[in-house]
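Notes follow the structure.
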Amino acid sequence: MKKDFIALADYSSEELQDMLSLAIHLKKEWKSSGNAPILKNKAMAMIFQKPSLRTRVSFDMAMRHLGGDALYLSPAEIGLGKRESIADVSRVLSGFVDIIMARVFEHDHILQLAQWADIPVINGLSDYNHPCQAMADALTIIEEFGSMRALKVVYIGDGNNVAVSLMHICAKLGADFIHSGPQDYQISPIAMKIGKQIAEKTGTKIAYFPDPQQAVENADVIYTDTWTSMGQEEEAKKREAVFPPYQVNEKLVERAKSEVIVLHCLPAHRGQEITDEVADGKHSRLFPQAHNRLHAQKAIIVKLFEE
Ligand code: CP
Ligand code: NVA
């Protein structure tokens with residue numbers, strides 16, 4: 001049966017750990033001598049319904065480094081679900097390429113793509129989650145601390161797609177996860193339920209703290225993301241009124257452990273969810289984290305092609 005990479009909850013802790021070990025290996029290999037062309041004659045279709053820098057460039061380069069090809073399909077180009085049904089797009093692409101990566105507005109659209117395609121489908125961000133980002137986040141945390149086990153990861157801000165995948169990877173890989181943000185912007189009950197089921201199995205904790213100062217006490221990792229995600233632009237003003245107490249600034253970072261690292265999936269809105277001082281300061285790992293998208297995604301792609 002073909003495999004997809006749609007949500008972290010679909011994978012066991014061991015499988016995710018294996019993928020991350022492969023990512024570390026592929027990163028070392030690429031830095032020393034370049035990767036072996038193990039994806040020669042393989043092509044990826046990259047469907048984008050929203051803008052992207054990291055996802056687009058890192059997937060494209062991942063395929064090239066491994067000897068394969070990638071095709072960018074812009075929002076206007078294929079009109080997913082508008083010009084043509086998702087079922088038809090999936091079945092047509094299945095005859096041309098070997099793997100699909102898609103960034104969609106509605107999570108259900110990525111599920112439909114996977115359902116109709118005969119080839120693996122990777123979720124490059126939906127309104128529900130961002131699993132590829134979380135794999136790069138885990139890689140960055142593991143590089144820093146050796147493992148995620150027993151760490152305290154605190155996510156400050158909107159309980160959005162990035163928060164969901166971060167919570168799930170923390171639970172899968174043994175870290176405690178705290179969310180702190182406005183009461184009305186908590187992580188969805190369905191994502192929390194899945195997170196808590198995973199956490200119960202791995203013996204980790206998931207919690208919500210309204211007070212960001214309290215949340216970051218003893219944190220090993222502080223993470224934040226935009227207050228207004230793509231597709232929510234009409235709510236920007238309303239959000240800008242309630243999120244400022246949740247800005248990741250030097251005062252907040254000082255309350256965490258002295259060796260805390262600060263992460264952000266980017267793009268950052270400097271002066272809103274994060275200050276320049278923190279984004280460019282000694283605790284920041286923002287750019288190694290962005291670069292790890294390349295390595296984490298190579299591992300995801302290679303694992304999807306394994307028999
Ligand atoms: N973090 C991330 O997914 O960035 P892009 O939106 O630029 O792909
Ligand atoms: N939460 C953000 C992540 C962007 C990578 C968004 O969905 O716009």
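We use all heavy atoms of the structure for the numbers below, so side chains are in, but hydrogens, waters and symmetry mates are not. Indexing begins at 1, ligand by ligand and atom by atom, following the structure's order. Heads up: numbering here begins at 1 and tracks the sequence.
- How far CD1 of Ile206 is from CE of Met192: 6.0 Å, rounded to the nearest 0.5 Å.
- From the protein, the heavy atom lying nearest to atom 7 (O) of ligand 2 is Asn161 ND2, 2.8 Å.
- Listed by number with element, the atoms of ligand 1 under 4.0 Å from a non-hydrogen atom of Ser52 are 5 (P), 6 (O), 7 (O), 8 (O).
- Residue His130 has no nitrogen or oxygen atom sitting less than 3.5 Å from a nitrogen or oxygen atom of ligand 2, judged on distance alone.
- Close N/O approach between Met230 and ligand 1 is not found [any backbone or side-chain N/O within under 3.5 Å].
- Test Asn292, Val221, Leu20 against Ile141 for side-chain contact (heavy atoms from CB on, under 4.5 Å) and you get one pass: Val221.
- The part of His130 lying near ligand 1 is the side chain, judged by heavy-atom distances below 4.0 Å.
- Looking at atom 3 (C) of ligand 2, its nearest protein heavy atom turns out to be Asp225 OD2, 3.7 Å.
- Short contacts between ligand 1 and Cys265, defined as distances under 4.0 Å to a heavy atom of the residue, involve ligand atoms 1 (N).
- What sits closest to atom 5 (C) of ligand 2 on the protein, heavy atoms only, is Leu266 O, 3.8 Å.
- Summary of contacts: the protein heavy atom closest to atom 4 (O) of ligand 1 is Arg54 NE, 2.8 Å.
- With hydrogens left out, the protein atom closest to atom 4 (C) of ligand 2 is Met230 CE, 4.0 Å, a heavy atom.
- Residue Arg103 places a heavy atom less than 4.0 Å from ligand 1.
- Taking the charged nitrogens against the carboxylate oxygens, Asp176 and Lys152 have no contact shorter than 4.0 Å, which rules out a salt bridge.
- Of the protein's non-hydrogen atoms, Arg293 NH1, 3.2 Å is the one closest to atom 2 (C) of ligand 1.
- Contact atoms of ligand 1 toward Leu53: 5 (P), 7 (O), 8 (O) (distance under 4.0 Å to a heavy atom of the residue).
- Contacts of Leu125 with ligand 1, taken as heavy-atom pairs under 4.0 Å, are absent altogether.
- Considering both main-chain and side-chain atoms, Thr226 never comes within under 3.5 Å of ligand 2 through any nitrogen or oxygen pair.
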